[in-house]
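What follows is a single structure, written as structure tokens, with notes after it.
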Amino acid sequence: MASTWMPPLPVHGERVRVRGENDGNGYTARHTKPPTKRTDRNTMLRAAFNRLVGMLTVMILVVTIVFVIVRVTPGDPAAVMLGPEATAQDVEDLRQRLGLDGSLIEQFGVYVAGIARGDLGQSIFLGQSVGTALWQRAEPTFFLTIFSLLIAVVIALPVGIASAYWRGSLFDQTMTTLAMLAASVPSFWLGLLLIQSFAVGLGWFPTSGYGGPGTTLFERLHHLVLPAVTLGVVSSALIMRFTRASMLDVLNDDYVRTARSKGMTEWRVVLKHALKNALIPILTVIGLTAALLISGAIVTETVFGLPGVGNLIVSAVLRRDYPVIQGALLIVAGLYVLVNFLIDMLYLLVDPRVRY
Amino acid sequence: MAGAASIAGREPNLLMRLVSRPTALGGLLVLVVIALAALFAPWLSSHAPGQLSIANRLTPPGALYLMGTDDLGRDIFARVLYSGRTSLTVGFLVVAVASVIGIVLGLVAGFFRKADAPVSRLIDAMMAFPDILLAIALVAALGPSAANVVLALGIVYAPRLARVVRASTLVIRELPYVEAARALAVPTPVILVRHVLRNVTSPLLVQATFIFAQAILAEAGLSFLGVGISPDIPTWGTMISVGRQYMSSAGWIMLFPGLAIVFTVLALQLLGDGLRDLLDPRLAKDI
């Protein structure tokens, strides 16, 4: 005869195994006991420590990958960087300057020590440190990323929510298809079409650049409108699809039904009850999109002639300026890992379930 | 167990099941048309892709030149078709390279508990680099050539496949038939290939379709930036790069290769979406 024993309803808190509570089918009950403030804090600190160790491990691997990338160059990286017209003495000088004359282990040690001091190396062609070169070009990239993200969120969030609410409707199908279309358009091509229509055709925006040295902030931002729209539209597809999926997950939940049965307006049910609970995965994808926008910025900055980090990376690749490429890789990947870590921490703070 | 069932649930008549999904079927048909057009390019176009005709330079689309000509009088239609060969081949080879690396990493991480943490951290670290950035850094290090673009993009997309394979392997590893194979002393490589890999194919196929689309976009981006395949080989990306200089006077030079990319990538995404719904219903609602 089947046992009528039912496990207690789980609540958030420490999970403990209870001996002897077996339903006879090999099922051992696990139930939870309410957490005390102290155990909860300890669990959270332990989880935060584990995440920190994980992040540091990934960062060490990122540094190693960045180091290895230049070493996979066929032949002598110094000779490749200086080109065929360089003398043997030039190549030897550069080898010494970049520390390429030691063993691989020594080179790695020097590289890691440099990073620990905040020294990303010297650019071969710019005559300045990689850190300075990246910092000087950070402003256009920073504003471009922020504006693109804003545009993406302004498009994606309402459309995603509405699509989920009217699931299967003509609106939903049209928007889902449009999102897929936006994700299929090469950003450089869209950028060129926008330049042709709104800059060359209508003359509303500048065709390229970031304004001269004496331009005001407003003028500089005016130069960023078309690049930001380009990146924003392309990035909005992913955020929209995540918003839709995340909202679909919660719209059928019990608390949404309860809110409706209490006679709440649909507006409040969707925005106050459903969206609030769907927001965490949406915020995650927005955070990661922000970190990944730099990838789009590389191409977009080239199309619009913006003197940002993306443009610096492309010219560094064309000139084989390896220290700049390495520095950019390290900063961008580091930012991504850091954003990921911060999102994880946010999860720990707001959602007790992920502490275990 | 439900997850495992859906992973193992391979259907023999996948093509027939695609018929029930009009968008996915539409994607597949568009893709087949594009692939056939690229394959039969010599028969479809009356001009060779490299044939110069200075007298006809910058001719707008018309009866003689369906999509017009570029700055050197070359037929855009022929170049779009021939570029399709390059882009589709590169996309396919990228998927192949990424699959080999991704399957090995995913199987090792998913099947061998001790290897899971280090391999997973390596996958995390590789995924911290934005696609294009890592690809151009690798191409810069390896040297610009078609083979190196394929290798670089293969390395860039391998971690995504590795994650999918790892996740499925973690489930399959615990299933009774794998335990039975172990109990019968079947060698581990045989278990991995015959019992695990076979049942990972569905999620792998779905992910591979999306990577195919991403690879085409990334290759076009690299070619546009001038850090990809040699400019002598026509690709959609280089065509747009050339057309950019004549944007105001001859917009068709960059319009048609751009449309070719959009149609191909959209078709692949629609197909991937349909395959995901059919083969991996757990993921269907995610993204």
Side-chain angles (χ1 to χ4, degrees), chain A residues 54 57-62 64-66 69-74 77 80 177 180-181 183-190 192-193 195-196 200-201 238 241-242 245 248-249 285 291-296 298-299 302-303 313-314 316-318 320 322 325-326 328-329 332-337 340, chain B residues 23 27 117-118 120-144 213-214 216-218 220-222 224-227 236-237 240-241 243-244 247-248 251 254-255 257-259 261-270 273 284-287:
Chain A
T57 314
V58 171
M59 267 319 288
I60 291 168
L61 284 168
V62 163
T64 313
I65 292 171
V66 171
I69 282 177
V70 168
R71 270 73 190 174
V72 299
T73 305
V80 173
T177 311
M180 209 174 270
L181 184 66
S184 309
V185 176
S187 57
F188 55 91
W189 186 68
L190 180 64
L192 291 173
L193 291 181
I195 291 176
Q196 183 56 30
V200 178
L238 185 67
R241 298 191 79 187
F242 256 92
L248 280 178
D249 259 353
V285 78
L292 288 173
L293 272 175
I294 186 78
S295 191
I298 294 171
V299 183
T302 309
V303 172
I313 293 170
V314 174
V317 168
L318 293 173
R320 301 275 178 114
Y322 288 135
I325 302 171
Q326 279 185 308
L329 273 174
V332 173
L335 275 175
Y336 182 86
V337 175
N340 234 330
Chain B
T23 50
S120 293
R121 292 295 83 75
L122 178 69
I123 292 170
D124 287 346
M126 285 176 75
M127 288 187 80
F129 297 97
D131 304 356
I132 291 274
L133 183 56
L134 185 57
I136 62 173
L138 281 168
V139 174
L142 296 167
Q214 291 303 311
I216 286 177
L217 276 177
L222 292 178
F224 175 79
L225 294 173
V227 294
W236 289 330
I240 295 174
S241 184
R244 179 188 179 187
M247 207 161 58
S248 302
M254 54 155 266
L255 182 71
L259 285 176
I261 297 174
V262 173
F263 279 122
T264 311
V265 175
L266 186 62
L268 279 163
Q269 303 231 48
L270 289 171
D273 248 24
K285 62 179 181 173
D286 282 358
I287 46 174

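As the structure is a prediction and not an experimental result, all values here were calculated from the model. The chains referred to below are lettered A, B, ... by the order of the sequence lines, with proteins before strands, and numbering in each begins at 1.
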Calculate, to the nearest 0.5 Å, the distance between atoms CG and CE belonging to Leu192(A) and Met247(B) respectively. 5.5 Å
Structural part of Val200(A) lying under 4.5 Å from a heavy atom of chain B: side chain
Does any backbone or side-chain atom of Ala316(A) lie under 4.5 Å from a heavy atom of chain B? Answer side chain, backbone, both or neither. neither
Need one label for Ala220(B): side chain, backbone, both or neither, based on atoms under 4.5 Å from any heavy atom in chain A. both
Ile325(A), part contacting chain B, at a heavy-atom distance under 4.5 Å: side chain
Just so I know, are the side chains of Ser184(A) and Thr264(B) near enough to count as touching, which here means a heavy-atom distance under 4.5 Å? no
Looking at CE of Met254(B) and CG of Leu193(A), how far apart are the two atoms once the value is rounded to the nearest 0.5 Å? 4.0 Å
Part of Leu270(B) lying under 4.5 Å from any heavy atom of chain A: both
Between Leu268(B), Leu259(B), Thr23(B), Leu134(B), which residue shows the highest count of heavy-atom pairs closer than 4.5 Å to chain A? Leu259(B)
Which heavy-atom pair separates Pro186(A) from Ile261(B) by the least distance, and what is that distance? CG-CG2, 3.6 Å
Side chains of Leu61(A) and Met126(B): does their closest heavy-atom pair fall under 4.5 Å? no
If we define contacts as heavy-atom pairs under 4.5 Å, which of Ser248(B), Gly143(B), Gly221(B) has the most with chain A? Ser248(B)
Most contacts with chain B, counted as non-hydrogen pairs under 4.5 angstrom, among Leu335(A), Ile298(A), Leu329(A): Leu329(A)
Counting heavy-atom pairs under 4.5 Å with chain A, the top scorer among Trp236(B), Phe224(B), Phe263(B) is Phe224(B)
Closest approach of Ile136(B) to Ile313(A) (non-hydrogen atoms, all atoms of both residues): CD1-CG2, 3.7 Å
Of all heavy-atom pairs linking Val62(A) and Ala128(B), the shortest is CG2-CB, 4.2 Å
If I compare all heavy atoms of Gly54(A) with all of Arg121(B), which pair ends up nearest, and what's the gap? O-CD, 4.3 Å
When rounded to the nearest 0.5 Å, the distance separating CD1 of Ile69(A) from CZ of Phe129(B) is 5.5 Å
Let me know if Val285(A) has heavy atoms under 4.5 Å from chain B in its side chain, its backbone, both or neither. neither
Do Arg241(A) and Asp273(B) have side chains that get closer than 4.5 Å, going by heavy atoms? yes
Separation of Arg244(B) CZ from Thr302(A) OG1 (nearest 0.5 Å): 7.5 Å
For Val58(A) versus Ala125(B), what's the shortest heavy-atom pair and its separation? CG1-CA, 3.7 Å
Side-chain heavy atoms of Leu225(B) within contact of Phe188(A), under 4.5 Å: no
Residue, of Leu181(A), Val332(A), Val299(A), Ile65(A), that accumulates the most heavy atom pairs under 4.5 Å with chain B: Ile65(A)
